[in-house]
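Numbering starts at 1 and runs along the sequence shown.
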Amino acid sequence: MANTQAMCTSFLGEVLTATHNFGTAPTRGTGAADTFKAALYLTSATVNASTTAYSASNEVSGTGYSAGGVTVTNATAPLASNTSTTAGTAYWTPSASITYTTVTLTTAFDTVLIYNSTQSNKSVSVHTFGSQTITAGTFTLTMPSNTTSTALLRIATT
(Lines give C-alpha, C1' and ligand atoms only; values in the text may rest on other atoms or scores of the structure.)
Protein backbone atom coordinates (compact mmCIF):
# COMPACT_ATOMS: atom_id res chain seq x y z
CA MET A 1 0.00 0.00 0.00
CA ALA A 2 1.18 3.47 -0.80
CA ASN A 3 -0.28 6.87 -1.44
CA THR A 4 0.58 8.39 -4.80
CA GLN A 5 0.20 12.02 -5.84
CA ALA A 6 -2.04 12.36 -8.89
CA MET A 7 -5.02 14.05 -10.44
CA CYS A 8 -7.78 11.45 -10.08
CA THR A 9 -8.58 9.74 -13.38
CA SER A 10 -12.34 9.93 -12.76
CA PHE A 11 -12.01 13.71 -12.25
CA LEU A 12 -10.47 14.16 -15.71
CA GLY A 13 -13.55 12.65 -17.35
CA GLU A 14 -15.91 14.51 -15.04
CA VAL A 15 -14.39 17.84 -16.11
CA LEU A 16 -15.81 17.21 -19.59
CA THR A 17 -19.29 16.55 -18.21
CA ALA A 18 -19.27 19.70 -16.03
CA THR A 19 -19.57 17.63 -12.86
CA HIS A 20 -17.32 19.95 -10.86
CA ASN A 21 -17.81 23.71 -10.50
CA PHE A 22 -14.80 25.46 -8.97
CA GLY A 23 -15.86 28.94 -9.95
CA THR A 24 -18.59 31.41 -9.25
CA ALA A 25 -20.24 31.24 -12.68
CA PRO A 26 -21.74 29.43 -14.44
CA THR A 27 -23.17 27.46 -11.58
CA ARG A 28 -25.33 24.74 -13.18
CA GLY A 29 -28.46 26.42 -11.83
CA THR A 30 -27.56 25.98 -8.16
CA GLY A 31 -26.55 29.60 -7.58
CA ALA A 32 -23.22 28.67 -6.01
CA ALA A 33 -19.92 26.94 -6.64
CA ASP A 34 -19.49 23.40 -5.35
CA THR A 35 -18.02 22.76 -1.91
CA PHE A 36 -14.64 21.07 -1.90
CA LYS A 37 -13.09 19.39 1.13
CA ALA A 38 -9.66 18.11 2.11
CA ALA A 39 -9.29 14.85 4.03
CA LEU A 40 -6.00 13.53 5.46
CA TYR A 41 -4.91 9.90 5.03
CA LEU A 42 -2.55 7.60 6.90
CA THR A 43 0.80 6.58 5.41
CA SER A 44 -0.57 3.02 5.28
CA ALA A 45 -3.49 4.01 3.00
CA THR A 46 -3.71 3.57 -0.75
CA VAL A 47 -5.02 6.83 -2.19
CA ASN A 48 -4.04 7.52 -5.79
CA ALA A 49 -5.23 8.28 -9.35
CA SER A 50 -7.71 5.37 -9.09
CA THR A 51 -9.51 6.95 -6.12
CA THR A 52 -12.99 7.92 -7.32
CA ALA A 53 -14.58 9.27 -4.12
CA TYR A 54 -13.85 10.23 -0.54
CA SER A 55 -13.85 7.32 1.90
CA ALA A 56 -13.29 7.29 5.64
CA SER A 57 -11.26 4.08 5.27
CA ASN A 58 -7.65 4.80 6.34
CA GLU A 59 -8.45 8.47 7.00
CA VAL A 60 -6.68 9.95 10.02
CA SER A 61 -8.51 10.17 13.30
CA GLY A 62 -7.70 12.04 16.44
CA THR A 63 -8.62 14.84 18.77
CA GLY A 64 -9.93 17.88 16.91
CA TYR A 65 -10.10 16.17 13.50
CA SER A 66 -13.53 15.55 11.97
CA ALA A 67 -14.07 12.72 9.49
CA GLY A 68 -14.20 14.20 6.00
CA GLY A 69 -11.58 16.82 6.76
CA VAL A 70 -12.01 20.55 6.33
CA THR A 71 -13.70 22.76 3.75
CA VAL A 72 -11.35 24.19 1.12
CA THR A 73 -11.61 27.96 0.73
CA ASN A 74 -12.71 28.40 -2.89
CA ALA A 75 -12.87 32.10 -3.70
CA THR A 76 -10.62 31.86 -6.75
CA ALA A 77 -12.26 31.10 -10.07
CA PRO A 78 -10.38 28.75 -12.40
CA LEU A 79 -8.28 30.46 -15.04
CA ALA A 80 -6.95 29.45 -18.44
CA SER A 81 -4.11 30.50 -20.69
CA ASN A 82 -3.48 29.60 -24.31
CA THR A 83 -0.80 31.37 -26.32
CA SER A 84 1.05 30.55 -29.51
CA THR A 85 4.28 29.98 -27.55
CA THR A 86 2.97 27.75 -24.76
CA ALA A 87 0.54 24.89 -24.40
CA GLY A 88 -2.98 25.72 -23.25
CA THR A 89 -3.42 25.34 -19.50
CA ALA A 90 -6.46 25.51 -17.24
CA TYR A 91 -5.55 25.97 -13.60
CA TRP A 92 -6.91 26.52 -10.07
CA THR A 93 -5.56 26.89 -6.55
CA PRO A 94 -7.61 27.28 -3.35
CA SER A 95 -7.67 30.90 -2.22
CA ALA A 96 -6.30 30.07 1.25
CA SER A 97 -4.07 27.48 2.89
CA ILE A 98 -5.79 24.30 4.08
CA THR A 99 -5.62 24.34 7.87
CA TYR A 100 -6.49 21.76 10.53
CA THR A 101 -6.62 23.65 13.82
CA THR A 102 -5.84 22.25 17.28
CA VAL A 103 -5.52 18.61 16.24
CA THR A 104 -3.73 15.62 17.69
CA LEU A 105 -2.93 13.04 15.04
CA THR A 106 -0.44 10.54 16.47
CA THR A 107 -0.57 7.96 13.66
CA ALA A 108 1.63 8.97 10.71
CA PHE A 109 -0.13 10.59 7.73
CA ASP A 110 1.24 11.83 4.42
CA THR A 111 -1.64 12.54 2.04
CA VAL A 112 -4.53 14.90 1.45
CA LEU A 113 -7.45 14.07 -0.85
CA ILE A 114 -9.29 17.02 -2.37
CA TYR A 115 -12.87 16.02 -3.14
CA ASN A 116 -16.21 17.57 -4.12
CA SER A 117 -18.70 17.13 -1.28
CA THR A 118 -21.47 18.74 -3.35
CA GLN A 119 -21.17 16.06 -6.04
CA SER A 120 -21.42 12.79 -4.07
CA ASN A 121 -17.89 13.19 -2.61
CA LYS A 122 -16.25 12.66 -6.01
CA SER A 123 -12.47 12.80 -5.84
CA VAL A 124 -10.45 15.53 -7.53
CA SER A 125 -6.78 15.07 -6.65
CA VAL A 126 -4.35 13.43 -4.27
CA HIS A 127 -1.38 15.35 -2.85
CA THR A 128 1.41 13.74 -0.86
CA PHE A 129 3.96 15.23 1.52
CA GLY A 130 6.45 13.90 4.06
CA SER A 131 5.15 11.71 6.88
CA GLN A 132 3.69 13.81 9.72
CA THR A 133 2.28 13.51 13.24
CA ILE A 134 1.03 16.38 15.34
CA THR A 135 0.14 16.82 19.00
CA ALA A 136 -2.24 19.62 20.05
CA GLY A 137 -1.18 21.85 17.18
CA THR A 138 -2.18 23.32 13.85
CA PHE A 139 -1.34 21.54 10.60
CA THR A 140 -1.28 23.81 7.56
CA LEU A 141 -0.91 22.96 3.88
CA THR A 142 0.33 26.14 2.22
CA MET A 143 -1.07 26.56 -1.27
CA PRO A 144 1.13 27.37 -4.27
CA SER A 145 0.71 30.47 -6.41
CA ASN A 146 -2.20 30.33 -8.82
CA THR A 147 -0.20 30.35 -12.07
CA THR A 148 0.00 28.13 -15.14
CA SER A 149 3.17 26.47 -13.83
CA THR A 150 2.51 26.23 -10.07
CA ALA A 151 -1.26 26.02 -9.42
CA LEU A 152 -2.51 23.11 -7.32
CA LEU A 153 -4.57 21.78 -10.26
CA ARG A 154 -3.29 22.15 -13.82
CA ILE A 155 -4.73 20.63 -16.96
CA ALA A 156 -2.50 21.29 -19.93
CA THR A 157 -2.50 20.54 -23.64
CA THR A 158 0.64 19.91 -25.60
Side-chain angles (χ1 to χ4, degrees), residues 1-43 45-61 65-101 103 109-129 132 139-158:
M1 295 189 293
N3 298 312
T4 308
Q5 184 160 299
M7 192 169 298
C8 297
T9 304
S10 57
F11 169 75
L12 294 173
E14 291 161 357
V15 165
L16 297 177
T17 60
T19 299
H20 302 276
N21 182 10
F22 288 90
T24 55
T27 57
R28 293 187 315 269
T30 63
D34 291 343
T35 298
F36 293 87
K37 297 193 85 177
L40 296 172
Y41 285 86
L42 301 172
T43 57
T46 302
V47 184
N48 54 39
S50 298
T51 302
T52 58
Y54 160 78
S55 169
S57 179
N58 291 309
E59 184 178 10
V60 300
S61 63
Y65 182 88
S66 297
V70 297
T71 299
V72 174
T73 304
N74 184 19
T76 304
L79 298 170
S81 174
N82 194 8
T83 68
S84 60
T85 58
T86 63
T89 304
Y91 56 101
W92 173 83
T93 296
S95 54
S97 295
I98 298 171
T99 304
Y100 304 84
T101 305
V103 293
F109 62 97
D110 67 352
T111 302
V112 63
L113 171 70
I114 307 294
Y115 68 96
N116 187 337
S117 65
T118 304
Q119 299 297 323
S120 303
N121 295 331
K122 293 180 183 292
S123 61
V124 172
S125 58
V126 178
H127 304 274
T128 57
F129 42 84
Q132 306 286 315
F139 180 71
T140 301
L141 293 167
T142 303
M143 293 297 103
S145 299
N146 195 37
T147 70
T148 57
S149 60
T150 61
L152 188 67
L153 296 180
R154 297 182 307 273
I155 301 173
T157 61
T158 56

Quiz item: For D34, does its backbone N or O pair with a side-chain atom of N21 as donor and acceptor, under 3.5 Å?
Solution: no
Exercise. May I ask you to test the I155-F11 pair for a side-chain heavy-atom distance under 4.5 Å?
Key: yes
Quiz prompt | For H127 against I114, the heavy-atom pair lying closest together | solution = CD2-CG1, 3.9 Å
Quiz item: If you round to the nearest 0.5 Å, how far is OG of S95 from CE of M143?
Solution: 10.5 Å
Quiz prompt | N146 side-chain N/O to L152 backbone N/O, donor-acceptor pair under 3.5 Å | solution = no
Self-check item: Nearest-0.5 Å distance, OG1 of residue T43 to CZ of residue F109
Solution: 10.0 Å
Quiz item: Distance from N48 atom CG to T128 atom OG1, nearest 0.5 Å?
Solution: 11.0 Å
Self-check item: side-chain contact (heavy atoms from CB on, under 4.5 Å) assessment of I98 paired with V72
Solution: CA-CA 6 Å; I98 298 171; V72 174; 4.2 Å; yes
Quiz prompt | Heavy-atom closest pair, residues S57 and Y41 | solution = O-CE2, 3.5 Å
Exercise. Assess the pair F139 and F129: is the distance between their ring centroids shorter than 6.0 Å?
Key: yes
Quiz item: Are any side-chain N or O atoms of T150 and backbone N or O atoms of P144, one a donor and one an acceptor, separated by less than 3.5 Å?
Solution: no
Quiz prompt | Set of salt bridge (Lys or Arg N to Asp or Glu O under 4.0 Å) partners for E59, sequence neighbours left out | solution = none
Quiz prompt | Residue pair E14 / L12, side-chain heavy-atom distance below 4.5 Å | solution = no
Self-check item: Atom of V126, atom of T4 and distance for their closest heavy-atom approach
Solution: CG1-O, 3.4 Å
Quiz item: Distance from L113 atom CG to C8 atom SG, nearest 0.5 Å?
Solution: 6.0 Å
Self-check item: Backbone N/O of T35 and side chain of S117: donor-acceptor pair under 3.5 Å
Solution: yes
Quiz item: Hey, is the main chain of G68 close enough, under 3.5 Å, to the side chain of Y54 for a donor-acceptor pair?
Solution: yes
Quiz prompt | Point-to-point distance, once rounded to the nearest 0.5 Å, from CG of N58 to CG of L40 | solution = 13.0 Å
Quiz item: Where the side chain of S125 meets the backbone of M7, is there a donor-acceptor pair that is under 3.5 Å apart?
Solution: no
Practice problem: Could you go through the side-chain contact (heavy atoms from CB on, under 4.5 Å) check for L42 and V60 one step at a time? | Solution: CA-CA 6 Å; L42 301 172; V60 300; 3.9 Å; yes
Practice problem: Please identify each residue that fulfils side chain to side chain contact (heavy atoms under 4.5 Å, CB included) with T99, with sequence neighbours left out. | Solution: S97, T101, T138, T140
Quiz item: Could you state the interatomic distance from CZ (F22) to OG1 (T93), rounded to the nearest 0.5 Å?
Solution: 10.5 Å
Practice problem: Over all heavy atoms of both residues, which pair between T89 and R154 is shortest? Give the atoms and the distance, please. | Solution: CG2-CB, 4.3 Å
Quiz item: Is any side-chain heavy atom of T51 less than 4.5 Å from a side-chain heavy atom of Y115?
Solution: no
Self-check item: For N116, the option from K122, H20, K37 that meets side-chain hydrogen bond (donor to acceptor under 3.5 Å, both in side chains)
Solution: H20
